[in-house]
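Below is one structure, written out as structure tokens; comments come after it.
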Amino acid sequence: QVQLVESGGGLVQAGDSLKLSCAASGRPFSTYAMGWFRQAPGKEREFVAGISPTWSGWSGGTTYYADSVKGRFTMSRDNAKNTVYLQMNSLKPEDTAVYYCAAASSVATLRQDLRGVHYWGQGTQVTVSS
């Protein structure tokens with residue numbers, strides 16, 4: 001069992017930055033692909049970023065991004081802290097949404113089949129004003 005807790009959301013202005021964190025309890029954290037999703041009011045939940053599983057001694061992984069956030073968002077993981085991060089720069093009003101952390105067996109699952117996600121966090125609100 002893995003529990004995911006997001007933090008770091010808030011209200012910012014367009015062009016500002018925010019860093020989201022997702023702390024995971026339970027093991028083995030490093031063997032999960034981790035992802036960030038977002039859901040705006042009236043819209044479906046969408047993939048934002050994902051990072052591949054790694055071996056426990058290395059806090060790295062291959063990252064993948066939605067086209068809408070490439071070049072602005074950076075995802076990373078720290079296996080020693082059981083935490084993944086989403087650094088969001090140059091925020092736009094269209095980035096406003098509830099952001100969710102997720103764990104799955106692969107990044108392909110994160111990107112293609114939400115039904116395959118093993119665990120979800122409770123979400124954190126990000127609001128970007130113009």
Side-chain angles (χ1 to χ4, degrees):
Q1 187 77 10
V2 174
Q3 291 185 323
L4 305 174
V5 179
E6 302 96 334
S7 61
L11 171 63
V12 297
Q13 293 185 332
D16 286 350
S17 298
L18 273 178
K19 187 173 184 177
L20 305 183
S21 300
C22 172
S25 63
R27 299 177 68 91
F29 170 76
S30 62
T31 64
Y32 286 103
M34 301 297 296
W36 286 98
F37 291 77
R38 65 187 181 187
Q39 188 166 18
K43 295 187 177 181
E44 293 186 350
R45 191 169 297 189
E46 64 175 358
F47 172 83
V48 174
I51 191 166
S52 61
T54 66
W55 58 278
S56 60
W58 180 50
S59 289
T62 303
T63 51
Y64 304 82
Y65 300 95
D67 289 343
S68 59
V69 306
K70 279 182 183 177
R72 301 188 297 123
F73 290 11
T74 302
M75 184 174 183
S76 60
R77 68 188 302 158
D78 185 337
N79 288 339
K81 296 182 178 179
N82 278 13
T83 302
V84 292
Y85 305 96
L86 185 67
Q87 176 67 47
M88 305 185 295
N89 298 329
S90 302
L91 282 162
K92 303 176 181 180
E94 51 263 44
D95 294 318
T96 295
V98 177
Y99 282 71
Y100 297 90
C101 179
S105 58
S106 69
V107 174
T109 296
L110 291 170
R111 299 178 74 181
Q112 298 168 14
D113 187 4
L114 296 186
R115 296 169 299 176
V117 172
H118 295 310
Y119 304 104
W120 291 99
Q122 84 288 349
T124 185
Q125 176 71 46
V126 172
T127 303
V128 185
S129 63
S130 58

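In this structure, CZ in Arg45 is found 4.5 Å from OH in Tyr100, a value given to the nearest 0.5 Å. Separating the OG atom in Ser17 from the CZ atom in Phe73 is a distance of 9.5 Å, to the nearest 0.5 Å. The distance from the CG atom of Leu110 to the OG atom of Ser105 is 8.0 Å, given to the nearest 0.5 Å. Note: Gln87 CD to Arg72 CZ = 12.0 Å, rounded to the nearest 0.5 Å. Note that OH of Tyr32 and OG of Ser52 are 15.5 Å apart. Values are rounded to the nearest 0.5 Å. Atom OG1 of Thr83 is separated from atom CG of Leu4 by 10.5 Å, given to the nearest 0.5 angstrom.
Side-chain atoms of Thr63 do not come within 3.5 Å of backbone N or O of Ile51 as any donor-acceptor pair. Gln3 contributes no side-chain N or O that, together with a main-chain N or O of Ser25, makes up a donor-acceptor pair within less than 3.5 Å. No donor-acceptor pair under 3.5 Å is formed between the side chain of Gln13 and the backbone N or O of Ser129.
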Exercise for the section: Please lay out, stage by stage, how Lys70 and Asp67 fare under the test salt bridge (charged side-chain N to carboxylate O under 4.0 Å, His left out). Expected result: CA-CA 5 Å; Lys70 279 182 183 177; Asp67 289 343; 3.2 Å; yes

Exercise for the section: List the steps, then state whether side chain to side chain contact (heavy atoms under 4.5 Å, CB included) holds for Met88 with Leu20. Expected result: CA-CA 8 Å; Met88 305 185 295; Leu20 305 183; 3.7 Å; yes

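One hydrophobic cluster, built from ILVMFWY side chains closer than 4.5 Å, holds both Tyr99 and Tyr119. When the side chains of ILVMFWY residues are joined at heavy-atom separations under 4.5 Å, either directly or via intervening members, Leu114 and Met34 end up in two distinct hydrophobic clusters.
Ring-plane geometry between Trp120 and Phe37 is classed as perpendicular, the angle between the planes exceeding 60 degrees on a 0 to 90 degree scale with a lower cut at 30.
For Asp16, the side-chain hydrogen bond (donor to acceptor under 3.5 Å, both in side chains) test picks out no residue, with sequence neighbours left out. Residues passing the side chain to side chain contact (heavy atoms under 4.5 Å, CB included) test with Ser76, sequence neighbours excluded: Tyr85.
Contact between Gln122 and Val5 at its shortest, heavy atoms only, is OE1-CA, 3.7 Å. Of all the heavy atoms in Arg77 and Pro53, the pair that sits closest is NH1-CA, 3.7 Å. Minimum interatomic distance between Phe29 and Val84 (heavy atoms only, all atoms of both residues): CZ-CG1, 3.7 Å. Looking at every heavy atom in both residues, Ala102 comes nearest to Val117 through CB-CG1, 3.7 Å. The nearest pair of heavy atoms linking Ser130 to Ala14 is CA-CB, 4.4 Å. Annotation for Ser21 and Trp36: closest pair O-CH2, 3.6 Å, computed over non-hydrogen atoms.
Counting heavy atoms from C-beta outward, Met75 and Tyr64 have side chains that stay 4.5 Å or more apart. A 4.5 Å side-chain heavy-atom check between His118 and Thr109 finds every atom pair outside the cut-off.
Other residues, nucleotides and ligands contribute more than 12 heavy atoms inside 6.0 Å of the CD atom of Glu46.
Each of Leu11, Leu86, Leu18 was evaluated against Val126; a single residue qualifies, Leu18, per the side chain to side chain contact (heavy atoms under 4.5 Å, CB included) test.
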